Undergrad: 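Shown below is the structure under consideration.
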Amino acid sequence: MESFANRYESKGKTFEPNAGHNNNTELLDHRSLGRNLGMMQQYKFFGSASFSQIQRSPLFSSLNSEDVSYFKEILGDKNVIEDEERLETANTDWMHKYKGSSKLMLLPKNTEEVSQILKYCDSRSLAVVPQGGNTGLVGGSVPVFDEVIINLSLMNKVLAFDEVSGILVCEAGCILENLATFLDTKGFIMPLDLGAKGSCHIGGNVSTNAGGLRLIRYGSLHGTVLGVEAVTANGNVLDMLGTLRKDNTGSEGSLGIVTKVSILTPPKLSSVNVAFIACNDYLSCQKILVEAKKNLGEILSAFEFLDNSSMDLVLNHLDGVRNPISSSDNFYILIETTGSDETHDREKLEAFLLKSLEKGLVSDGVIAQDINQASSFWRLREGITEALQKTGAFYKYDLSLPVEEIYNLVNDLRERLGDLANVMGYGHLGDGNLHLNISIAEYNEKVLGLIEPFVYEWTSKHRGSISAEHGLGVMKAEEIFYSKSPETVALMASIKKLLDPKGILNPYKVLPHSAFSP
Ligand code: FAD
Ligand code: MLT
Ligand code: ZN
């Protein structure tokens, strides 16, 4: 095996970063009615089985030709989509697990149009789904039944950028990567980055309070989103687009439609280094994390991990990828540093890794010599989600756990499932966020019965969260009590009732039906 120490000797170059109309009782009625009448086959074995008990609420109206004519009047014919092919795409989630049957997608161009749409839908009791880039992983962005889809993709303008403060104000439909490209020209970066950056919208990011790959450095969006403009269910426009440092948001489209966002962006720093290292055991991964925080603290910008099963998955399903470590090991860690002094940053990373090698924490590793190599390292980690989609079927869990417990869950589940399925663990180790994924030839009730509620109970027992960064969506609405107290859920439901009395905004998502029962 070529040793890590030998391989990083040749110095590399600096590279760019990889790159509701009346009262609460009505809401209560249709939420509970909606959940108790029967079974939706489509969700049967995809995970979180208790959600299979949903039926369309009879309290919502059905779309008619007068509704369509009204929308055409306010939006123009071309932004009222009835075309089957486009609707098929918009009705289907990124994973192809959740599929609605909406007959209409609306493409508003500005806040006023969003307001007019919601005012009308609220008066007609037409349920809606706000949709951004449709990259969500919990079925939140697509209709459950025939909800009208309100897609924000035409609201994609940057409105203002302050080059002194780094404050960006933009419309909600801006694609994350486009914002990053724009900021790059100004010498700034987005404080969040995720594998879906080429499609997800900033409005979707804010509404899911997305975490991603830079949270360890720049924190949660709770800290960087300074303000939003949002439209509530009755069409009222709430202008909270302040540019003060502290004011927060987040609700998965169930409280309002985010139309504009102001966000604090960090400056782009000149020196970015990426190391890809192998470790034999999970305890070493934890120790490396502790050491990285101590020794690389001010320049550490990502600390991501994947296990050997995740690595095999990527190598088997994605083209043009290779493991930069010559001999395989049980765990891999991607460390990224971002700073302003290339020589200093590189020396620091090299010294850190050499020390880790000497201590036996690292079995082998390599530091990217240029931007292409760095991108290829990132591809191994960011490509896992895409590779999973190419397997027959997969169950996906997004969990927050104490770092020391993370891999115990993976091992326990592996033991439980034996040869029945392939269990993979990867995620944002630096944030204590495990992505637990189980791939299998086809969805299977028996296997699902072994996974759930085991995974949720395990997480709850260890005081973790069953929704670390992807949200609850349709998938986990009924599972919310595993990580939120009944009092918290009741409070969330009161807020929902206040802002959306008829419950038209993204029904069946986030909150359990019991939250709306007397
Ligand atoms: P959508 O999927 O369209 O919607 C998501 C939710 O937000 C829905 O409930 C929807 O109703 C609501 N919503 C969307 N836009 C608005 C709006 N303007 N106003 C109100 N509600 C709205 N997530 C992470 O947190 N971290 C990751 O690292 C990460 N990596 C990913 C990698 C891949 C390859 C993929 C496919 C997904 C990944 N995700 C990740 C999940 C997903 O990308 C995020 O949740 C993202 O923030 C969703 O943005 P979107 O615009 O696609 O929203
Ligand atoms: C990631 O970190 O890769 C994303 O959250 C997507 C996933 O969990 O697969
Ligand atoms: Zn993630």
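A quick note: this is a predicted structure, and the numbers were derived from the prediction, not measured. What's counted below: heavy atoms across the whole structure, side chains too, no hydrogens, waters or symmetry copies. Both counts, for ligands and for their atoms, begin at 1 and track the order of listing.
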Undergrad: Output yes when the distance from some N or O of ligand 1 to some N or O of T135 is under 3.5 Å, and no in every other case.
TA: yes
Undergrad: Say whether I257, considering both its backbone and side-chain N or O atoms, lies within less than 3.5 Å of an N or O atom on ligand 1.
TA: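 For ligand 1, there is no N or O atom that lies under 3.5 Å from one belonging to I257.
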Undergrad: With hydrogens left out, which residues have an atom under 4.0 Å from ligand 2, given that only heavy atoms count?
TA: L137, R381, T385, K396, Y426, H428, H435, E469, H470
Undergrad: Hey, looking at atom 44 (C) of ligand 1, which of V228, L194, V474 has the closest heavy atom?
TA: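 Of the listed residues, L194 has the closest heavy atom.
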Undergrad: Does N205 approach ligand 1 within less than 4.0 angstrom via side chain, backbone, both or neither, non-hydrogen atoms only?
TA: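 Both backbone and side chain.
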Undergrad: Once the angle between the rings of F71 and Y120 is folded into 0 to 90°, is it parallel (under 30°), tilted (30 to 60°) or perpendicular (over 60°)?
TA: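 Ring orientation of F71 relative to Y120: perpendicular.
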Undergrad: Could you tell me whether L137 and ligand 1 have an N or O pair separated by under 3.5 Å?
TA: no
Undergrad: Could you tell me whether the side chains of W458 and D412 share a donor-acceptor contact shorter than 3.5 Å?
TA: yes
Undergrad: Counting heavy atoms only, name the option from N134, L472, T208 that's nearest to atom 45 (O) of ligand 1.
TA: T208
Undergrad: May I ask you to list the atoms of ligand 1 that are less than 4.0 angstrom from any heavy atom of A210?
TA: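 So the answer, numbered in order with elements, is 25 (O), 47 (O).
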Undergrad: If I compare all heavy atoms of V314 with all of G383, which pair ends up nearest, and what's the gap?
TA: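 Result for this residue pair: CG2-C, 4.3 Å.
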Undergrad: Using a strict 4.0 Å cut-off to heavy atoms of G136, name the atoms of ligand 1 that fall inside it.
TA: 2 (O)
Undergrad: Show the atoms of ligand 1 that are less than 4.0 angstrom away from any heavy atom in L152.
TA: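 The list of qualifying atoms is 18 (N).
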Undergrad: Report the part of E382 (side chain from C-beta onward, or backbone N, CA, C, O) that has a heavy atom under 4.0 Å from ligand 1; answer both or neither where that applies.
TA: neither
Undergrad: If you count the atoms of ligand 1 from 1 in the order shown, which ones are under 4.0 Å from a heavy atom of G256?
TA: 20 (C)
Undergrad: Check whether any N or O atom of E469, backbone or side chain, sits under 3.5 Å from an N or O atom of ligand 1, and answer yes or no.
TA: yes
Undergrad: Are any of the N/O atoms on G132, whether in the backbone or the side chain, positioned under 3.5 angstrom from an N/O atom of ligand 1?
TA: yes
Undergrad: What do we get for V258 next to ligand 1 when only non-hydrogen atoms under 4.0 Å count, side chain, backbone, both or neither?
TA: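 For V258, the contact with ligand 1 is made by both the backbone and the side chain.
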Undergrad: Side-chain donor-acceptor pair under 3.5 Å between Y282 and D307, yes or no?
TA: no
Undergrad: Among S207, S199, A196, which residue places a heavy atom closest to atom 32 (C) of ligand 1?
TA: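 The nearest heavy atom belongs to A196.
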Undergrad: Using a strict cut-off of 4.0 Å, indicate which atoms of ligand 1 neighbour a heavy atom of G212.
TA: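 Reading through ligand 1 atom by atom, the close ones are 26 (N), 27 (C), 28 (O).
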Undergrad: What are the protein N, O or S atoms, given as residue plus atom name, that sit under 2.8 Å from the Zn ion (ligand 3)?
TA: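 Near the Zn ion (ligand 3), below 2.8 Å, one finds H428 NE2, H435 NE2, E469 OE2.
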Undergrad: May I ask you to check if ligand 1 and L213 share an N or O to N or O distance below 3.5 Å?
TA: no
Undergrad: Please work out which of the three classes, parallel, tilted or perpendicular, describes the rings of F276 and F377, given edges at 30° and 60°.
TA: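 Ring orientation, 0 to 90° scale: tilted.
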Undergrad: When you look at D67 and R124, which way does the salt bridge (charged side-chain N to carboxylate O under 4.0 Å, His left out) test go after all the steps?
TA: CA-CA 9 Å; D67 300 326; R124 279 271 297 124; 2.8 Å; yes
Undergrad: Please indicate whether K396 has more than 12 foreign heavy atoms, meaning atoms of other residues, nucleotides or ligands, lying under 6.0 Å from its NZ.
TA: yes
Undergrad: Would you say the side chain of T459 lies within less than 4.5 Å of the side chain of S465, judging by non-hydrogen atoms?
TA: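 They are not in contact (no side-chain heavy atoms under 4.5 Å apart), so the answer is no.
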